[in-house]
Engineer: 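This structure is in structure tokens; I'll ask about it shortly.
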Amino acid sequence: MTRAALALFALSLLASSVPAAAPAGPVSEEALHFRLEVGVEPGHVVSGWLDESGGTGEGYDSAALDLDGDGEADRRLSFPMVTRGTRRMREVKIPIEHDGATFTFEPYSVAYRRPPVADGAASIHIRWAVTKGDRYCWFINGNVVLHTDPDAARKARPIRLGPPFRFEVSATTRGPEALVRAGLKDSQNSTLRLTREGGKEVRMEVRLERNGEVCLDVPARYG
């Protein structure tokens, strides 16, 4: 084999060993697109999508974030398989850093099943958390809509991970007793479930007053 032939052979080996570039957009035809608004103040919006590395129908095992709004992936995440009790599922978490905190979007209903898509959109259950320093807050039982069409996602209101929050209070009478439920909720009806500070759980206190006197002052469970 001549030197020229050897050189061409070496180049062909090098070319075949270079990994293919990741696609700029989604792999799956039914990738689910979202827009997240994170932070104490509104205005910081990040776009992205849940994707299927094996193509349509394989299940959502990854995500991409579009940080500059050009429709292309600037950051890619893969969701590892974990065991929760007797169930094997993916740990679907998408962290975004802003305002010195980490906001983590958790579309947990796609961890164990592929949601049904109707009219180009899917309704899914979410959780989300925010971590700042040694303080951690976790919200559960939210419900949002994600889109297969990126244009529809851009036109939809972004999913807000942050304030404003509201207190929701209800009471049920059982004879001489009353069951009081109180919860802190966000704009998509997610409920504050857990707060930690310095690794220790922070409990919410419920105080009831009647005629200016405290008749009940007890720690409460979140959610």
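Only this structure's heavy atoms are used, side chains among them; waters, hydrogens and symmetry mates stay out.
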Engineer: For Glu209, does the CD atom have more than 12 heavy-atom neighbours from other residues, nucleotides or ligands under 6.0 Å away?
Structural biologist: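 It does: Glu209 CD has more than 12 such atoms within range.
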Engineer: Do Phe34 and Ile94 have side chains that get closer than 4.5 Å, going by heavy atoms?
Structural biologist: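 They are in side-chain contact.
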Engineer: Taking the side chain as C-beta and beyond, is there a heavy-atom pair between Val144 and Ile124 under 4.5 Å?
Structural biologist: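 Result yes, sub-4.5 Å side-chain heavy-atom pair found.
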Engineer: Would you say CG of Asp134 has more than 12 non-hydrogen atoms from neighbouring residues, nucleotides or ligands within 6.0 angstrom?
Structural biologist: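 It does: Asp134 CG has more than 12 such atoms within range.
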Engineer: Does the side chain of Asn189 reach to within under 4.5 Å of the side chain of Arg166, using non-hydrogen atoms?
Structural biologist: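 The answer is yes, as the side chains (C-beta and beyond) meet within the 4.5 Å cut-off.
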Engineer: Are the side chains of Glu52 and Arg114 in touch, meaning some heavy atoms are under 4.5 Å apart?
Structural biologist: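 Answer yes - side chains close enough.
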Engineer: Compare every heavy atom of Arg127 with every heavy atom of Trp138, then report the nearest pair and how far apart it is.
Structural biologist: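 Shortest heavy-atom contact: CZ2-CD, 3.5 Å.
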Engineer: Looking only at heavy atoms, which two atoms of Pro150 and Thr148 are closest? And how far apart?
Structural biologist: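 Looking at all heavy atoms of both residues, the shortest contact is CD-O, 3.6 Å.
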Engineer: Hydrophobic clusters here meaning ILVMFWY residues chained together by side-chain heavy-atom distances under 4.5 Å, can you tell me if Ile159 and Val117 are in one?
Structural biologist: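 Yes; tracing contacts between hydrophobic side chains, which count when under 4.5 Å, links both residues.
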Engineer: Would you check if there is a donor-acceptor pair between the side chains of Ser53 and Asp61 at a distance under 3.5 Å?
Structural biologist: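 Side chains of Asp61 and Ser53: pair found under 3.5 Å.
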Engineer: Is there a donor-acceptor pair under 3.5 Å between the side chain of Asp66 and the backbone N or O of Gly71?
Structural biologist: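 Such a contact is found between Asp66 side chain and Gly71 backbone.
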Engineer: Measure across Glu30 and Tyr60 and return the closest heavy-atom pair with its distance rounded to 0.1 Å.
Structural biologist: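 Glu30 and Tyr60 have their closest heavy atoms at O-OH, 2.5 Å.
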Engineer: State the CG-CG distance between Asp51 and Leu77, to the nearest 0.5 angstrom.
Structural biologist: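 Here the interatomic distance stands at 11.5 Å.
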Engineer: Table please: side-chain donor-acceptor pairs of residues 95-109 below 3.5 Å, with sequence neighbours left out.
Structural biologist:
unit_1: Ser109; atom_1: OG; unit_2: His125; atom_2: N; d: 3.1
unit_1: Ser109; atom_1: OG; unit_2: His125; atom_2: O; d: 3.4

Engineer: Between the side chain of Arg193 and the main-chain N/O of Ile140, is any donor-acceptor distance below 3.5 Å?
Structural biologist: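 Looks like no, no N/O pair under 3.5 Å.
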Engineer: Hydrophobic clusters here meaning ILVMFWY residues chained together by side-chain heavy-atom distances under 4.5 Å, can you tell me if Leu67 and Val45 are in one?
Structural biologist: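 No; tracing contacts between hydrophobic side chains, which count when under 4.5 Å, never links both residues.
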Engineer: Can any side-chain N or O of Asn141 pair as donor or acceptor with the backbone N or O of Thr191 at less than 3.5 Å?
Structural biologist: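 Answer holds: no.
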Engineer: What is the minimum heavy-atom distance between Trp128 and Gly162, and which atoms define it?
Structural biologist: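 Minimum heavy-atom contact is CH2-N, 3.4 Å.
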Engineer: Is any side-chain heavy atom of Phe139 closer than 4.5 Å to a side-chain heavy atom of Ile126?
Structural biologist: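 Of all side-chain heavy-atom pairs linking Ile126 with Phe139, none is under 4.5 Å.
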Engineer: Within the side chain of Asn143, is there an N or O that forms a donor-acceptor pair under 3.5 Å with the backbone of Gln188?
Structural biologist: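 Side chain of Asn143 to backbone of Gln188: no pair is present.
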Engineer: So how far is it from Trp49 CH2 to Leu146 CG, rounded to the nearest 0.5 Å?
Structural biologist: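 Rounded to the nearest 0.5 Å, the CH2-CG separation comes out at 13.5 Å.
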Engineer: Using a strict cut-off of less than 4.0 Å between a Lys/Arg side-chain nitrogen and an Asp/Glu carboxylate oxygen, indicate whether Glu37 and Arg35 qualify as a salt bridge.
Structural biologist: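 Salt bridge absent between Glu37 and Arg35.
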Engineer: Please examine the side chains of Val130 and Leu161, heavy atoms only from C-beta on, and report whether any two atoms are closer than 4.5 Å.
Structural biologist: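 Heavy-atom side-chain distance check fails, nothing below 4.5 Å.
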Engineer: Would you say that more than 12 heavy atoms from the other residues, nucleotides or ligands in this model lie under 6.0 Å from the CZ of Arg88, or not?
Structural biologist: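 More than 12 within 6.0 Å, yes.
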Engineer: How far does CZ of Arg154 sit from CG of Asp149, to the nearest 0.5 angstrom?
Structural biologist: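 It is 8.0 Å, given to the nearest 0.5 Å.
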Engineer: Which heavy atom in Met89 sits nearest to a heavy atom in Ala111, and how many Å separate them?
Structural biologist: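 Scanning both residues, the minimum pair turns out to be CB-O, 3.5 Å.
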Engineer: Hydrophobic clusters here meaning ILVMFWY residues chained together by side-chain heavy-atom distances under 4.5 Å, can you tell me if Val92 and Met81 are in one?
Structural biologist: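 Shared cluster, no.
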Engineer: Does Ser62 use its side chain to pair, donor to acceptor, with the backbone of Ser78 at less than 3.5 Å?
Structural biologist: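 Between the backbone of Ser78 and the side chain of Ser62 there is no qualifying donor-acceptor contact (under 3.5 Å).
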Engineer: Arg160 side chain to Pro163 main-chain N or O, any donor-acceptor pair under 3.5 Å?
Structural biologist: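 Yes, because the side chain of Arg160 sits within donor-acceptor range (under 3.5 Å) of the backbone of Pro163.
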Engineer: Let me confirm one number: the NE2-CG distance from His44 to Leu36, rounded to the nearest 0.5 Å.
Structural biologist: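 Output value for this atom pair is 9.5 Å.
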Engineer: Compare every heavy atom of Arg135 with every heavy atom of Glu197, then report the nearest pair and how far apart it is.
Structural biologist: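 Minimum heavy-atom separation between Glu197 and Arg135: OE2-NH2, 2.9 Å.
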